[in-house]
Protein chains: 2
Amino acid sequence: MVQHPKPRNVTRADVARLSGVSTAVVSYVLNNGPKPVAPATRERVLEAVRALGYRPNAAARALSRGTADTIGMIVVDSRSPFFAQFLHALDAASVRHDRSMLIVNRDRERQSAVEQVHDLVARQIGGLIIADVIGDAEQQVIAALGIPTLLINQYGGAGGALGAMGVDFRAGAEQAVQHLVAHGYRTIDFVGDAAAIDQRERGWADALREAGLPLGRSVHASFSYEGGFAAGRAIASRATRPRALFAASDQIAIGLLAALTDAELRVPDDIAVVSFDGIVEAAYARPALTTVAQPIVEMADAAIRRLVADDAEPGFTTFDATLVVRRSCGCDDGLVGGH
Amino acid sequence: MVQHPKPRNVTRADVARLSGVSTAVVSYVLNNGPKPVAPATRERVLEAVRALGYRPNAAARALSRGTADTIGMIVVDSRSPFFAQFLHALDAASVRHDRSMLIVNRDRERQSAVEQVHDLVARQIGGLIIADVIGDAEQQVIAALGIPTLLINQYGGAGGALGAMGVDFRAGAEQAVQHLVAHGYRTIDFVGDAAAIDQRERGWADALREAGLPLGRSVHASFSYEGGFAAGRAIASRATRPRALFAASDQIAIGLLAALTDAELRVPDDIAVVSFDGIVEAAYARPALTTVAQPIVEMADAAIRRLVADDAEPGFTTFDATLVVRRSCGCDDGLVGGH
DNA sequence: CTGAAAGCGCTTACAG
DNA sequence: CTGAAAGCGCTTACAG
C-alpha cells in the first residue's frame, strides 16, 4: 500500500463560492439547464470553473440522475479483428456524443448474458450494445430493464423484443456467391459456423439454387483463424475439392489461405475464395481477399446516435454490405469481375 | 423519445427492511467489513439480497468511497491487433478482480493526454493504464493526481515519475537480429517507427555491431499494415536490397510480406523477416512469421494485480520476450535455427 | 433569473 | 455485534 497524497477535489461548492452564486446555478450553466441563467452570471461561473480547474464528479452526477454518460457493451470476443475495429469506431462515435464505452467480453464460463447485463446496469449505463446472439427469452428479460438496448450482428434479423441492427447477411452472402458463380465456378462450398441461424449459409444456398448449381458442402469452422485453418486442412485433404469457397468471415478466410498455401494449393487458381466482413487484414492477405464489407463506421455511428436519442425500438435496421473485389476470387486487382 | 417503464430499483434500504437490520449491516456483509456481522444475521441479509435480486448501485458506492471499481485506460489505437489482444487480456484479468475496464483511445486531435486522464479521473477510476508514450512533464502532472498509474510499452524504460512495465525492447530486438545473423545473413535492415526512443532500433544496431556486421538501413514505417506495406514497396524497388529485415512489429511485417509478395520477392529465400510482438496473426501469415513474442497475458495480469494492490511505484518492470521461430526467418517449422 | 433544500444510494465514524 | 446519522457531490422541484 502506497501513500497517495490525493489532492482534495474541487467541487461544485467551490465553484459556487468563488463565483458568488448557489450550486444550483453552477449546475444550470454546466448543464445548459433546466433553468436559464443570466449571461453575466454564466460568465462568472465559467470563469470560476476555469480558474479552479473544476471537473464534475461523474459518480455524483450518475447517482443523482440515475444514469451515467456511459454506454455498456457486451461483445463476444474483443480480440477478433472485426470487433476490435467495430469497437474502435464505437469509441470514436461515443466521444462525439460525450459518452464513453464500458466494454466487457461475454464470459460464458462465469455468467449468463443476463447476469452480465445486470452488472452493467448496476453501473448505471445509459445504453447498451450487445454484439452476440441472444435468445428470445433473454431479450424479454433485458428489454424489461428499460434501458435502451441494441443488438449488433444478430444473424437472424428482426423478431425479438430488442432493437437490432446490422447488415443483411443473407443478401450479402448471396452477392458473394453470385460473384463466384459469375467467374464460372460450379462447385462452391461454404465455410463457417454451422449455426442454423447464420443467414450467410442460407444466402450461399439461395445463390447456388438460383444459379441452378448443385448445393456444395458446408464445412464447419469456428469464427477464428484457427477455425479457418482447420477447415482449410480438411478441404485440402479431400479427394475431390470444390473450385471455390465462400467463407463466413475474413478471419476464417485468412486461416483458410494459410492452410491452402501449406498444401500447395493456389488461390485463386486452384480454389477461389470470397469472404465476409471487410476487416483491414483482408487487404493485406495474399492474395488479397475479395470480401463483402460491412459498413463498420456507419453502423457504429448509427448505434451510438440511436442510443443517445433513446431510440432503440424493436425491429431490425439493415445496412448495406458492399462487395470489395480484390484477387482471391480470381479477378485482377481493381478490375471488377463481371456479374 | 420512448417511454421506458424503468422499474424502481431495489436499494439497500429494501434489503435492510426485509432482513430486519439497518442498512449499515447490509453494507458490512456485502463488503465483508469493516465491521463483523453475526453469522445468523449475515445469512438473513444474504437471503434478502437473493430474494430481492438486489445489486448495489455502483455510482452511489463510487461517490461514497471516492473511487469506482473501474480501471481507466488510454490506448494509442485499440484496433491494432497487439493492443486488441492486450485489452482482451486486461479485461479477463480485471474481471477476476471484480473490476472493469474503461478504455478510451488516445485522441490527439481533440485533447492532450493529460486532458484525457482528467476525464477518466472525473469518472472516479481506481487505477489507470496508459499504453502510449508519455513525456516526463506529463508524467509529473499525472503522478500528482495520486491515482495508481502504470505505463505500458513505454519504449524507453525507466526514468519517469510513473510506474512502467513492458518487455525489454532492446534485448528482444537484439535476440531477433542475432537469430538472423545466425542464419548467415549479412545485410539486415530495420523497419519501424523512426522514433529515437524506440529501443528496438537500438537493439538491432547493437546486434549488428556485436556481430561485426555493417549497420543496415533504417526504413521508416508507421506501426500499421499500411506502414509496413509502403516500406516493403520502397525496399522492393531498391537497386540493392538487404538479405534480411527486422520489423518492429508483426503488423508492419505483415504489410511488408504483402508488398514483397506483390514484387515477386520470396520470403525467406530472397529476403528473410523477423518481427516483434507475437500477435495471433503472425502464425497465420504465409510464410508464418518468426517473431519476438511479448507475454501479453502475463503482462496484463501483472498490471491489473499491481493496480488493484495500489502498487504502482515508479520504476520499470521488465518482462521476458521470447523468440518464436517459424518460417519467415528461413528456419523450417518447429526447427529452431542455430544461434 | 436565483437560492435553499431534499434526495439519489451508498459507506463509515461514532455510539451503544 | 448492531444502529442512527452524517456525508460523498451532484440535480432539480419548489419557492421567491
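Chain letters run A, B, ... following the sequence lines, proteins first, then strands; residues in each count from 1. Basis for what follows: all heavy atoms, side chains included, without hydrogens, waters or symmetry-related copies.
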Mind checking Ala38(A) for me? I need base, sugar-phosphate or nothing, with any heavy atom below 4.0 Å counting as a touch.
-> sugar-phosphate
Using atom CG of Asn31(A) as one end and atom C1' of dG9(D) as the other, report the distance to the nearest whole Å.
-> 13 Å
In whole angstrom, what separates Gln124(B)'s CD from dC8(D)'s P?
-> 13 Å
Do Arg96(A) and Asp301(A) sit within salt-bridge range, that is, some charged N less than 4.0 Å from a carboxylate O?
-> yes
Take atom C1' in dG16(C) and the same atom in dT12(C), then report the distance between them in whole Å.
-> 16 Å
In Å, rounded to the nearest 0.5 Å, how long is the span from CD1 of Ile130(A) to CD of Gln139(A)?
-> 8.0 Å
Side-chain donor-acceptor contact under 3.5 Å, Arg99(B) with Thr70(B) = no
Residue set satisfying side-chain contact (heavy atoms from CB on, under 4.5 Å) with Val104(A), at least two apart, ordered chain then number -> Ile74(A), Gln116(A), Leu120(A), Asp91(B)
With DNA chain D as reference, determine whether Pro56(A) or Pro36(B) sits nearer its 5' end, using the nearest nucleotide of each.
-> Pro36(B)
Nucleotide dC8(D), atom P - distance to CZ of Arg123(B) in whole Å = 23 Å
SB check Arg44(B) Glu47(B) (cutoff 4.0 Å) = no
Is there side-chain contact between Asp320(A) and Val167(A), with heavy atoms separated by less than 4.5 Å?
-> no
Per the atom types in the model, does the base of dG3(D) pair as donor or acceptor with the side chain of Tyr28(B) at under 3.5 Å?
-> yes
Return no unless some side-chain N or O of Arg12(B) is found under 4.0 Å from OP1 or OP2 of dT11(C).
-> yes
When the nearest nucleotide of DNA chain C is assigned to Val25(B) and to Leu63(A) on a heavy-atom basis, which residue is associated with the more 5' position?
-> Leu63(A)
Between atom CZ in Arg17(A) and atom P in dT2(C), what is the gap in whole Å?
-> 19 Å
Identify which nucleotide among dT11(D), dT12(C), dT12(D) has an atom closest to any side-chain atom of Pro34(B), counting heavy atoms from C-beta outward.
-> dT12(C)
Could you state the interatomic distance from OG1 (Thr318(B)) to CE (Met165(B)), rounded to the nearest 0.5 Å?
-> 10.0 Å
Kindly say if Thr23(A) contacts the phosphate of dC10(D), meaning a side-chain N or O under 4.0 Å from OP1 or OP2.
-> no
Spacing of Arg55(A) atom CZ relative to dC8(D) atom C1', expressed in whole Å = 20 Å
Atom-pair distance (CG on Asp69(A); C1' on dT11(D)), nearest Å = 13 Å
Using a cut-off of less than 4.0 Å, is there contact between a side-chain N or O of Arg61(B) and OP1 or OP2 of dG9(C)?
-> no
Distance, rounded to the nearest Å, where Asp14(B) contributes CG and dC10(C) contributes C1' = 13 Å
If one requires at least 3 consecutive Watson-Crick or G-U pairs with distances under 3.5 Å, the stems of DNA chain D turn out to be C:1-3 with D:14-16, C:5-12 with D:5-12, C:14-16 with D:1-3
Is Ser27(B) near enough to dC10(C) that one of its side-chain N or O atoms lies under 4.0 angstrom from OP1 or OP2?
-> no
Chi angles and distances behind the salt bridge (Lys or Arg N to Asp or Glu O under 4.0 Å) call for Asp119(A), Arg55(B) = CA-CA 8 Å; Asp119(A) 281 356; Arg55(B) 320 228 165 207; 3.5 Å; yes
So does Asn57(B) get a side-chain nitrogen or oxygen closer than 4.0 Å to the phosphate oxygens (OP1/OP2) of dC8(C)?
-> no
Answer with yes or no whether Ser64(B) presents, from its side chain, a donor or acceptor under 3.5 Å of a partner atom in the base of dG7(D).
-> yes
Figure out the NZ/C1' separation between Lys35(A) and dT12(D), and round it to whole Å.
-> 7 Å
Do any side-chain nitrogens or oxygens of Arg65(A) fall under 4.0 Å of OP1 or OP2 in dC10(D)?
-> no
